[in-house]
Protein chains: 2
Amino acid sequence: MCPDSVEPSRAEARRAQILAAAGDCFRKHGFHGASIAQISKTAGMSPGHIYHYFENKEAIISAIVARDLERFLTLTAEIRSACNVREAMLARVAEGIDECLDQATAGLKLEIVAEASRNPHVAEIVHEADRLCRESFALTMRDMRRASGHQDDDQTIDAMVEVAIAMFEGLQIRTIRNPGLDRGLVSRLFQGALRDLFDQPA
Amino acid sequence: MCPDSVEPSRAEARRAQILAAAGDCFRKHGFHGASIAQISKTAGMSPGHIYHYFENKEAIISAIVARDLERFLTLTAEIRSACNVREAMLARVAEGIDECLDQATAGLKLEIVAEASRNPHVAEIVHEADRLCRESFALTMRDMRRASGHQDDDQTIDAMVEVAIAMFEGLQIRTIRNPGLDRGLVSRLFQGALRDLFDQPA
DNA sequence: CATTCTAGATCGAACGCTCATTCTATGTTA
DNA sequence: TAACATAGAATGAGCGTTCGATCTAGAATG
């Protein structure tokens, strides 16, 4: 009755349900450690039913990465369309730091990166997601730098983007390896380090 | 004939052999994806024989983490005993960046952190390893800062250590998510960012 | 020196279990 | 009724682990 484009169809809802359950299970047991039986129980359906919506286990992984990418692209688009890009960026930096310091979020992200380091299908989609992320980040960074009177070549901008993203992603590892870290202090110093990076002379 | 303390006994050699093979397999297939059969084939021995040296699969993981910790502690001890700590540190920073940018090394490290985010036994040994690492790093950092005329309280030093380590560990994720990055450029900007962090006013 | 002894090293088959996936049957809805 | 949603048992492969048998090299013995 309802075409898929109008509202989330039953199928869409079931897919989201499976993705949410799978995310939980992957977080808790890892990609290979989480079983279809576990995921299906968490999602409240039979194991066989999952195969009506996903070809196999790997397809679930890919769908999670794709969903996260979509969310990230929406977010970056919002930042870039703000009237004051710099302020929007700095505000988002604070939010991003908190997000990276959340153990559950960080755990799943690390699980995905680890899987990308060995699974070519996951690697492909992760690389593409990262490329889009860097692209958007670089555009924003270039605008900010120009407004501050700096003229950088593309290579330099790209390198700065790498350093900035590395800081965020590094926090994800820190929150796992040192769960007792002083989040307030780290967040403050971190924002300072990023601002220094943004404003450094060419 | 030879007591264990004199030279690596046959048993020690076998253990190292298994650890090396397991490292390869974990890198390629992940902790749960790598089977004892695979590891034993890589190590050139029978599956059953592995159980003469390790209680179970998890013990192999723990032993790898313990081995890496030992290596790291040796390294940091060397830095701290150098006559010019700052120079030793900066030299080590360059080496460390290259190491983090190596995909094989980074892949295994990420695998270990991901496992630590869900396996309490692995988490325990990783947290302890990280604590020792931070301790040594903080001492070195404090000496450096004092020589530059800065007086920082412990909290500030700890936070700076977190930021510095986060940068290194972030690079491990970058090299997986963006394998085509310009390593020379990133390395240069990265060393600059770390030097700025080291020298920033209190 | 030759032989026997023995304890550890090593093997590989076997076990019980769980996995991802498939398939058939049943329920539901328009 | 036709098409889809869902269930859950069945399957065959592969898993971690165990275990008894065999091999080997050095110590002990004569």
Side-chain angles (χ1 to χ4, degrees), chain A residues 1-26 28-64 111 115 118-122, chain B residues 1-26 28-64 111 115 118-122:
Chain A
M1 191 230 267
C2 293
D4 289 9
S5 56
V6 172
E7 55 170 303
S9 68
R10 198 190 317 262
E12 208 72 38
R14 280 274 180 268
R15 274 182 63 96
Q17 197 176 346
I18 293 168
L19 256 38
D24 275 355
C25 291
F26 290 157
K28 284 182 197 147
H29 310 284
F31 275 138
H32 293 99
S35 71
I36 295 289
Q38 265 173 340
I39 295 171
S40 70
K41 189 177 283 186
T42 305
M45 64 184 68
S46 71
H49 195 34
I50 287 184
Y51 287 84
H52 275 262
Y53 297 103
F54 295 95
E55 195 189 344
N56 52 35
K57 202 178 168 185
E58 201 182 351
I60 301 179
I61 300 171
S62 297
I64 288 181
E111 190 63 40
E115 183 67 14
R118 53 186 126 90
N119 182 326
H121 290 115
V122 175
Chain B
M1 191 226 265
C2 294
D4 289 8
S5 56
V6 171
E7 55 170 302
S9 67
R10 198 191 316 261
E12 207 73 39
R14 280 272 180 270
R15 274 181 64 96
Q17 197 178 344
I18 293 168
L19 255 38
D24 276 354
C25 291
F26 290 156
K28 283 182 198 146
H29 309 284
F31 277 139
H32 293 99
S35 71
I36 295 288
Q38 266 172 338
I39 296 171
S40 71
K41 189 176 284 184
T42 305
M45 64 183 69
S46 71
H49 196 34
I50 287 184
Y51 287 83
H52 276 261
Y53 297 103
F54 295 96
E55 194 189 345
N56 52 35
K57 201 179 171 186
E58 202 182 349
I60 301 179
I61 300 171
S62 297
I64 288 182
E111 191 62 40
E115 182 67 13
R118 53 185 126 89
N119 183 326
H121 289 115
V122 175

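Since this is a predicted model, take the numbers as computed values, not measurements. Below, chains carry the letters A, B, ... as their sequence lines are ordered, and counting in each starts from 1.
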Legend entry - Distance in angstrom units between A/His29 NE2 and C/dT18 C1', rounded: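 In whole Å, C/dT18 C1' and A/His29 NE2 are 14 Å from each other.
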Inset, instruction - Measure from CD on A/Glu12 to C1' on D/dA5 and round the result to the nearest Å. - result: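 Result: 16 Å.
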Inset, instruction - Can you tell me which residue pairs pass the salt bridge (Lys or Arg N to Asp or Glu O under 4.0 Å) test with a partner in residues 15-26 of chain B, sequence neighbours excluded? - result: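 Counting only pairs at least two positions apart or across chains, the salt bridge (Lys or Arg N to Asp or Glu O under 4.0 Å) contacts touching residues 15-26 of chain B are B/Asp24-B/Arg27.
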Inset, instruction - Would you please name every residue forming a side-chain hydrogen bond (donor to acceptor under 3.5 Å, both in side chains) with B/His32, sequence neighbours left out? - result: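 Expected list: none.
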Inset, instruction - Can you tell me which stems DNA chain C forms, taking runs of 3 or more consecutive Watson-Crick or G-U pairs with both distances under 3.5 Å? - result: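 The stems that DNA chain C takes part in, listed by first number, are C:1-30 with D:1-30.
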Inset, instruction - State which residues pass salt bridge (charged side-chain N to carboxylate O under 4.0 Å, His left out) with A/Arg14; sequence neighbours excluded, sorted by chain then number. - result: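 Salt bridge (charged side-chain N to carboxylate O under 4.0 Å, His left out) check on A/Arg14 returns nothing, list empty.
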Legend entry - B/S/- contact track for nucleotides 6-22 of chain D, protein heavy atom under 4.0 Å: BBB------SSBB----
Inset, instruction - Check B/Ser40 against B/Ala37 and note the closest heavy-atom contact, atom names and distance. - result: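 The answer is OG-O, 2.8 Å.
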Legend entry - Partners meeting side-chain contact (heavy atoms from CB on, under 4.5 Å) with B/Lys57 (sequence neighbours left out):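 So B/Lys57 forms a side-chain contact (heavy atoms from CB on, under 4.5 Å) with B/Phe26, B/Ile36.
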Inset, instruction - Return the set of residues passing side-chain contact (heavy atoms from CB on, under 4.5 Å) with A/Thr42 (not counting sequence neighbours), or none when no residue passes. - result: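 Checked A/Thr42 against side-chain contact (heavy atoms from CB on, under 4.5 Å); matches are A/Ala21, A/Cys25.
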Legend entry - Full working for side chain to side chain contact (heavy atoms under 4.5 Å, CB included) between B/Ile61 and B/His121: CA-CA 10 Å; B/Ile61 300 171; B/His121 289 115; over 6 Å; no
Inset, instruction - Sequence neighbours left out, what passes ring-ring contact (aromatic ring centres under 6.0 Å, His included) with B/His49? Give chain and number order. - result: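 Per chain and number, B/His49 pairs via ring-ring contact (aromatic ring centres under 6.0 Å, His included) with B/His52, B/Tyr53.
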